[in-house]
Amino acid sequence: MATWREITTPGRFEGQTVIVTGAASGIGLATALRVATEGGRVIASDLSKEGLEKLVAEHGDLGFVPVAGDISQEDTVQRVVAAAGGQIDALANVAGIMDSFQPVHELDDATWERVLDVNLTSMMRLMRAVVPTMLASGYGSIVNISSEAGLRGSAAGAAYTTSKHAVIGLTRSSAVMYGRRGIRVNAVAPGGTRTNIYAEFKSQLAAEVLGPFMQVNVPPIAEAGELAAAITFLLSRDGSNINGVVLASDNGWNAI
């Protein structure tokens, strides 16, 4: 397989303000860097203040606006939107957490609530906060990160799988509601990607059921930049005719 190489498009986001969550690491970091490199002003949100400080220190010339905080909390959402200063052209809802592969009979309330809060409710709240600005300007692009677990039941535990299926429902509903008002809403469903998200099998049942499947059927791991390329295409005006799509960026896993 050929080695992937990033090829940027200078000026593609020139004059635009783009919110990216989970911007301090993994797919979020790669997306934030790609948008900023292509001329966008990036409101970079992440739970890790240290990670955002490192991003700004290493790439200060790109003009990131960092906002540290828990994106599942409404006060963080409001601070992110306020940092945009009245112009929001695009939103990449990337922040997310994994579960520990628990099936429903082993699932505790705390895990369920935390996974749904971060992976789903935070997306809804940010969309709810940015859509009025997009409606007023008559333009906007939103990309929500789902997962292969949003397309199948064999990629994660009950909480994560539920959250990522729900992201697709949120995306499609919003695409229908706002499509004729100039706002596009799409989703990207990554497969295995090289990030710092760690997922531990805490369920013996899940290890027995899913373990053999994953050893045989999971395609090669992608680089975070490969996902950022798909996300930024949909965020940009290059994707002007694409709305309500769930783009599987997974080395063909969805076709197996």
Side-chain angles (χ1 to χ4, degrees), residues 6 8-97 118-119 121-145 183-186 188 195-196 224-225 227-239:
E6 183 177 58
T8 60
T9 304
R12 184 162 60 157
F13 291 96
E14 193 71 39
Q16 296 185 49
T17 296
V18 181
I19 296 171
V20 180
T21 70
S25 64
I27 296 170
L29 172 60
T31 301
L33 285 170
R34 181 71 180 256
V35 172
T37 299
E38 295 184 345
R41 174 176 175 257
V42 176
I43 312 303
S45 170
D46 200 278
L47 180 63
S48 173
K49 181 180 179 182
E50 294 76 13
L52 291 177
E53 289 173 346
K54 180 180 179 183
L55 172 64
V56 171
E58 293 180 353
H59 304 280
D61 58 317
L62 295 179
F64 289 105
V65 180
V67 181
D70 184 347
I71 201 61
S72 71
Q73 301 301 309
E74 182 65 25
D75 68 309
T76 301
V77 170
Q78 293 304 317
R79 288 192 293 112
V80 168
V81 173
Q87 178 184 348
I88 303 171
D89 299 284
L91 163 64
N93 267 320
V94 183
I97 58 174
V118 175
N119 291 0
T121 304
S122 69
M123 290 193 181
M124 180 280 293
R125 286 177 172 160
L126 258 175
M127 291 172 66
R128 181 175 65 188
V130 306
V131 162
T133 299
M134 293 178 173
L135 286 172
S137 67
Y139 174 80
S141 180
I142 298 171
V143 176
N144 297 324
I145 303 307
I183 302 172
R184 296 181 297 108
V185 187
N186 294 291
V188 170
T195 70
N196 64 347
L227 272 300
I231 293 165
T232 53
F233 165 70
L234 291 174
L235 282 177
S236 76
R237 287 181 167 85
D238 286 343

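Q87 contributes a side-chain N or O that, together with a main-chain N or O of G15, makes up a donor-acceptor pair within less than 3.5 Å. The closest donor-acceptor contact from the side chain of T17 to the backbone of R41 lies at 3.5 Å or more, if one exists at all. Between the S141 side chain and the L235 main chain, a donor and an acceptor come within less than 3.5 Å of each other. T21 contributes a side-chain N or O that, together with a main-chain N or O of V94, makes up a donor-acceptor pair within less than 3.5 Å. Judged by distance alone, the side chain of R184 and the main-chain N or O of G239 form a donor-acceptor pair under 3.5 Å.
When all heavy atoms of A83 and V65 are compared, the closest pair comes out as CB-CG1, 4.0 Å. Closest approach of V20 to G28, counting heavy atoms only: CG1-O, 3.5 Å. V42 approaches A32 most closely through the heavy-atom pair CG2-O, 3.7 Å. Here the closest heavy-atom approach between residue A23 and residue A44 is recorded as CB-CB, 3.7 Å. Contact between R79 and G69 at its shortest, heavy atoms only, is NH2-CA, 3.8 Å. Looking at every heavy atom in both residues, A95 comes nearest to G22 through CB-N, 3.7 Å.
A heavy-atom distance below 4.5 Å is found between the side chains of L33 and L55. You'll find the side chain of I97 reaches within 4.5 Å of the side chain of N119, heavy atoms only. Looking at D89 and F13, their side chains never come closer than 4.5 Å, going by heavy atoms from C-beta outward. Contact check for I43 versus V67: side-chain heavy atoms found under the 4.5 Å cut-off. Side chains of I145 and N93 form no contact here, defined as non-hydrogen atoms less than 4.5 Å apart.
Here the rule is side chain to side chain contact (heavy atoms under 4.5 Å, CB included) with V77, and of M127, R125, R128 only R125 fits it.
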Could you walk me through whether T232 and T31 pass the side-chain contact (heavy atoms from CB on, under 4.5 Å) test, one step at a time?
CA-CA 7 Å; T232 53; T31 301; 4.2 Å; yes
Derivation and outcome, side-chain hydrogen bond (donor to acceptor under 3.5 Å, both in side chains), residues S48 and D46
CA-CA 5 Å; S48 173; D46 200 278; 4.7 Å; no
CA sep, side-chain torsions, deciding dist, call: I71, V80, side-chain contact (heavy atoms from CB on, under 4.5 Å)
CA-CA 9 Å; I71 201 61; V80 168; 4.1 Å; yes
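Of the inter-residue distances, the one linking Q16 atom CD with I88 atom CD1 reads 12.5 Å to the nearest 0.5 angstrom. To the nearest 0.5 Å, atom CG of residue N186 and atom CD1 of residue I231 are 11.5 Å apart. Separating the CD atom in E58 from the CZ atom in F64 is a distance of 10.5 Å, to the nearest 0.5 Å.
Salt bridge annotation for E38-R34: present, with a cationic side-chain nitrogen under 4.0 angstrom from a carboxylate oxygen.
Scanning for side chain to side chain contact (heavy atoms under 4.5 Å, CB included) contacts around E53 gives K49, with sequence neighbours left out.
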